[in-house]
Amino acid sequence: MTRTLIVIGHGMVGHRLVEVLRQRDTSDAWRIVVFGEEPRPAYDRVALSSYLDGKSAEDLSLTSQDLQDDPMVELRLGTAVTGIDRTNRIVSAADGTAVGYDALVLATGSRPFVPPVPGRDLDGCFVYRTIEDLDAIRAAATEGAPGVVIGGGLLGLEAAGALRRLGMRTHVVEMAPRLMPLQVDEGGGQVLNRLVTDLGLTVHCGAAIESIDGDDRVRSIALADGTVLDTELVVFSAGVRPRDELAEIAGLERGERGGFLVDEFCRTSDERIWAVGECAAVNGRCYGLVAPGYSMAEGVADQLLELGDGAFPGADLSTKLKLIGVDVASFGDAHGRTPGALEVVYANNAAGTYAKLVLSDDARVLLGGVLVGDASAYSTLRPLVGRELPAPPEQLLLPAGSGVDTGALPDDATVCSCNNVTKQDITTAITEQQLTDVPGIKACTRAGTSCGSCVPMLKTLLGECGVTTSKALCEHFPHSRSELFEIVRATGISSFSELIGKHGTGRGCDICKPAVASILASLGNGHVLDGEQAGLQDTNDRFLANMQRNGTYSVVPRVPGGEITPDKLIVLGEVAKEFGLYTKITGGQRIDLFGARVEQLPRIWRRLVDAGFESGHAYGKAVRTVKSCVGNDWCRYGVQDSVSMAIRLELRYRGLRAPHKIKAGVSGCARECAEARGKDFGVIATEKGWNLYVGGNGGFNPRHAELLASDLDDERLIQLIDRFLMFYVRTADRLQRTSAWLESLDGGLDHLREVIVEDSLGIAAELEEAMQRHVDSYTDEWAAVLDDPDKLARFVSFVNAPEAPDPTIRFVEERGQIRPEPVVLPMPTFATQEVSS
């Protein structure tokens, strides 16, 4: 016996319900009647903006001809439902018809939220929701005229992109203190703001609308701070609200914040009525993404066909999208709301990228993350949420996910999110089709054929399947980093432009530029901020300071061996007090000063340099610190003067640029108080001299350093360290720690010992000479900046107001010191207020 299902709403989720039910209903148990208010059948609202890029309504349509011809499906388009009689199970429509039902699904979706501001009904005000809305916006847009989008979330930036494509001078007004406040954190918001501004949009964050003004049509918008924006067109895209008007008519319960209240099976208080999609408040919570709606639709279809309980499994609110050409992604607990959650951040303002991982309190399990500017690692990271990390967090945050061990990824991990291609799809194609290169993978699986961000992962998977791939640094250089190092060393090339002109192609990227900058610095080619080199540097090197989470910087002067005079200690206290900085003694025996604004850095460093301090290179891929215990001068167990040796080593290797940061330690006895075996190179005193250990590191995947040589006198110790460091600098890959480098060497420690100790390659003297050139040419980077007006000109928050502080940087006091002010956002109506794209 055939029963009747009525679906109210033919949007994306309502259509998915119909589609799935028809696919799984092999016995034609259900006849489906669909009521849709819009005059056209379901279309891809997620890709709505592409309608302005040339796609037609037919291109966006989700409804196949087979479904339209299906005798078990009746589409009643352009027909609104006006009544639901639950007692007699009858639905009434605006055209006067009535249809009885055995089951009813509400898929009414949502409506755009229009803030209740004066003037919102003037001509020239639009919402951004349907194809008809876009037709109206296109008809009203004037090239070169100003336009305003109210809302800086997902749909708001899409709408802004639409006005930009229509040639309008576009403003974005967002009430929250940053763009996309539900998806990205403060650091990601800063990078996103810059990227959006670089595209020609004007952004007003933390701005409330006072009124929309005009006579017969909109002419301007007044903001609460007194700013007036001239405009000929306003687009409201400030979120959505559930379409739940039928709840009152049918006597159904609403959620506290709107939506039809349903249980975990998407069933209302009436056992014959379900609600799915944006209109459904599952246990009181609405979801504004299409993926949870699809999950609800499939669950209800299973219940109707008695194929399972069809419980809603919960929502993955992860999103990855390209807004007006800018990659943005968030996944899992992106804002670190889990108690005890830790954060690891990689920011590269020079490249316009930001990445954050949220980890469990033991730093082992991935909880979530944010990616802005480069979201290529999203397909690798998202499947790892809730799993133990396969690699140190800093490797996972490298551009394009180059530090990820793909062998640790589950087979169902999506490598190419554009075309939904999994790791297993790719590895199966490689082995079964005997693919040998990336173009072959593209042709066979379509992975990498859209945005191309997964191409580095394709190369890695080829290698895992036993296919030898190129060691090219990136698409602009066919050489590895170590090969480029030798080219620069042998030819004397002193600039990136010369190197890429003679040995590469194109203009370079955020992979090769910092790598070449490091090579040039390692070989002593001038100050890192000289001329062209300044534009090659990573975020921290651009300002010779580590950027912190709220956009301020840390100041870390060098304190060799942790030894400091009272006078210098007083200066640090005076500077911290004068500039209101947070002070902390680090595990590397230095004092860090946090909270400095970029325009304050030169004044702070002038005080420090005058007091005899120099850069501690905490910001650079360079030798950082040489940690020390107190040695035999004070400790009753000490057998050598570890403090003097630590100072000697740190002063010798200070400023040495390398593929990655380098840390060291010197312990005065076998009790190992300086933790030397957890360092890139570590020295432990013996009664006969020193033992040298190499290739260790702390962090997420700690590794003990291995013994390279024993019972060395002072001069032999320094000789072997010279060789070790220069050999590492020459041959390591980009961003490869000494531990990973040592493991990657053919022959491992034995080979390294042959090269460094036994001079099997005959290059020992050359390595020593290279190190001596570094020692002889060393100058303090900050002292050089202070003596150069051109370099000093870089240290401003705003080019047009060099002395003005960044108004977005705020602090609160805790334990007598400052810390970044936490950002508290208003409670949203939805878990995510817009449909993702």
Side-chain angles (χ1 to χ4, degrees), residues 482 485-486 488-490 518-525 558 560-561 617 620-628 640-642 644-667 674 676-677 679-686 689-697 705-732 736-739 741-742 745 749-779:
S482 60
F485 188 100
E486 291 304 318
V488 174
R489 187 175 70 89
S518 174
I519 292 171
L520 293 172
S522 298
L523 292 170
N525 282 288
R558 187 174 300 283
H617 285 91
K621 302 295 187 289
V623 173
R624 299 283 183 86
T625 65
V626 181
K627 186 176 181 180
S628 171
Q640 300 289 346
D641 185 357
S642 57
S644 294
M645 179 55 71
I647 293 172
R648 183 176 179 183
L649 295 177
E650 185 162 340
L651 293 179
R652 181 171 183 82
Y653 303 125
R654 57 188 171 179
L656 177 66
R657 295 285 171 154
H660 212 296
K661 63 184 177 184
I662 298 174
K663 296 183 179 182
V666 181
S667 289
R677 290 198 64 193
K679 303 294 191 287
D680 294 280
F681 70 88
V683 179
I684 300 177
T686 71
W690 307 98
N691 286 352
L692 175 59
Y693 295 81
V694 296
N697 65 257
E706 299 180 68
L707 181 63
L708 183 69
S710 303
D711 297 329
L712 307 170
D713 62 27
D714 290 4
E715 298 312 313
R716 179 63 168 167
L717 172 68
I718 291 173
Q719 181 186 61
L720 294 185
I721 296 175
D722 283 357
R723 297 176 183 179
F724 166 74
L725 290 177
M726 290 310 302
F727 189 52
Y728 163 66
V729 168
R730 283 192 181 187
T731 62
Q736 188 177 38
R737 288 293 297 267
T738 57
S739 55
W741 169 71
L742 180 56
L745 287 178
L749 182 67
D750 290 337
H751 173 67
L752 183 66
R753 186 177 290 112
E754 291 171 358
V755 174
I756 300 304
V757 181
E758 302 169 13
D759 194 17
S760 61
L761 299 180
I763 61 172
E766 190 177 301
L767 297 175
E768 294 169 27
E769 290 169 4
M771 181 59 74
Q772 192 59 49
R773 283 195 298 273
H774 162 74
V775 174
D776 294 340
S777 64
Y778 170 78
T779 56

Between Arg773 and Asp776, does at least one N-O distance fall below 4.0 Å, as a salt bridge requires?
no
Within the side chain of Arg737, is there an N or O that forms a donor-acceptor pair under 3.5 Å with the backbone of Ile662?
no
Side chains of Val694 and Leu749 in contact at under 4.5 Å (non-hydrogen atoms):
yes
May I have the step-by-step check of side-chain contact (heavy atoms from CB on, under 4.5 Å) for Arg652 and Gln772, ending in yes or no?
CA-CA 9 Å; Arg652 181 171 183 82; Gln772 192 59 49; 3.2 Å; yes
Taking all non-hydrogen atoms of both residues into account, name the closest pair between Val757 and Ala709 and its distance.
CG2-CB, 4.5 Å
The reported gap from CG in Leu742 to OH in Tyr728 (rounded to nearest 0.5 angstrom) is 11.5 Å
In terms of ring plane angle, is the pair Tyr778 and His617 parallel, tilted or perpendicular, where the classes change at 30° and 60°?
tilted
Within this structure, what is the OG1-CE distance for the pair Thr731 and Met726, rounded to the nearest 0.5 Å?
10.5 Å
So, Ser482 side chain and Arg730 main chain: donor-acceptor pair closer than 3.5 Å or not?
no
Asp714 versus Met645: any side-chain heavy-atom pair under 4.5 Å?
yes
Look up atom OH in Tyr693 and atom OG in Ser667, then write down how far apart they are to the nearest 0.5 Å.
10.0 Å
Give the minimum heavy-atom separation between Arg654 and His774, together with the two atoms involved.
O-NE2, 3.1 Å
Does some side-chain heavy atom of Arg657 sit less than 4.5 Å from a side-chain heavy atom of Leu520?
no
Is any side-chain N of the basic residue among Glu715 and Arg648 closer than 4.0 Å to the acidic one's carboxylate O?
yes
Once rounded to the nearest 0.5 Å, what's the spacing between atom CG of Asp722 and atom CG of Leu656?
9.5 Å
So, Asp711 and Thr686: side-chain donor and acceptor under 3.5 Å apart, yes or no?
yes
CG of Leu767 to CG of Leu720, rounded to nearest 0.5 Å, is 11.0 Å
Mind checking whether Val666 and Lys679 have side chains closer than 4.5 Å, heavy atoms only?
no
Salt bridge present between Asp759 and Arg723 (N-O < 4.0 angstrom)
no
Residues Gly561 and Ala646: closest non-hydrogen pair is CA-CB, 4.3 Å
Just how far is it from atom CZ of Phe724 to atom CE of Met771, taken to the nearest 0.5 Å?
10.0 Å
Do any N or O atoms from the side chain of Asp680 and from the backbone of Lys663 form a donor-acceptor pair under 3.5 angstrom?
yes
side-chain contact (heavy atoms from CB on, under 4.5 Å) for Asn691 and Val683? Distances and angles first, verdict last.
CA-CA 6 Å; Asn691 286 352; Val683 179; over 6 Å; no
Min side-chain heavy-atom separation Leu708-Phe681 under 4.5 Å:
no
Minimum heavy-atom distance between Ala732 and Pro659, given as atom pair plus value:
CB-CG, 3.7 Å
Go through the steps to decide whether Tyr653 and Ile718 satisfy the test side-chain contact (heavy atoms from CB on, under 4.5 Å), and finish with yes or no.
CA-CA 10 Å; Tyr653 303 125; Ile718 291 173; 3.9 Å; yes
If you look at every heavy atom in Val729 and Ala658, which pair is closest and at what distance?
CG2-CB, 4.0 Å
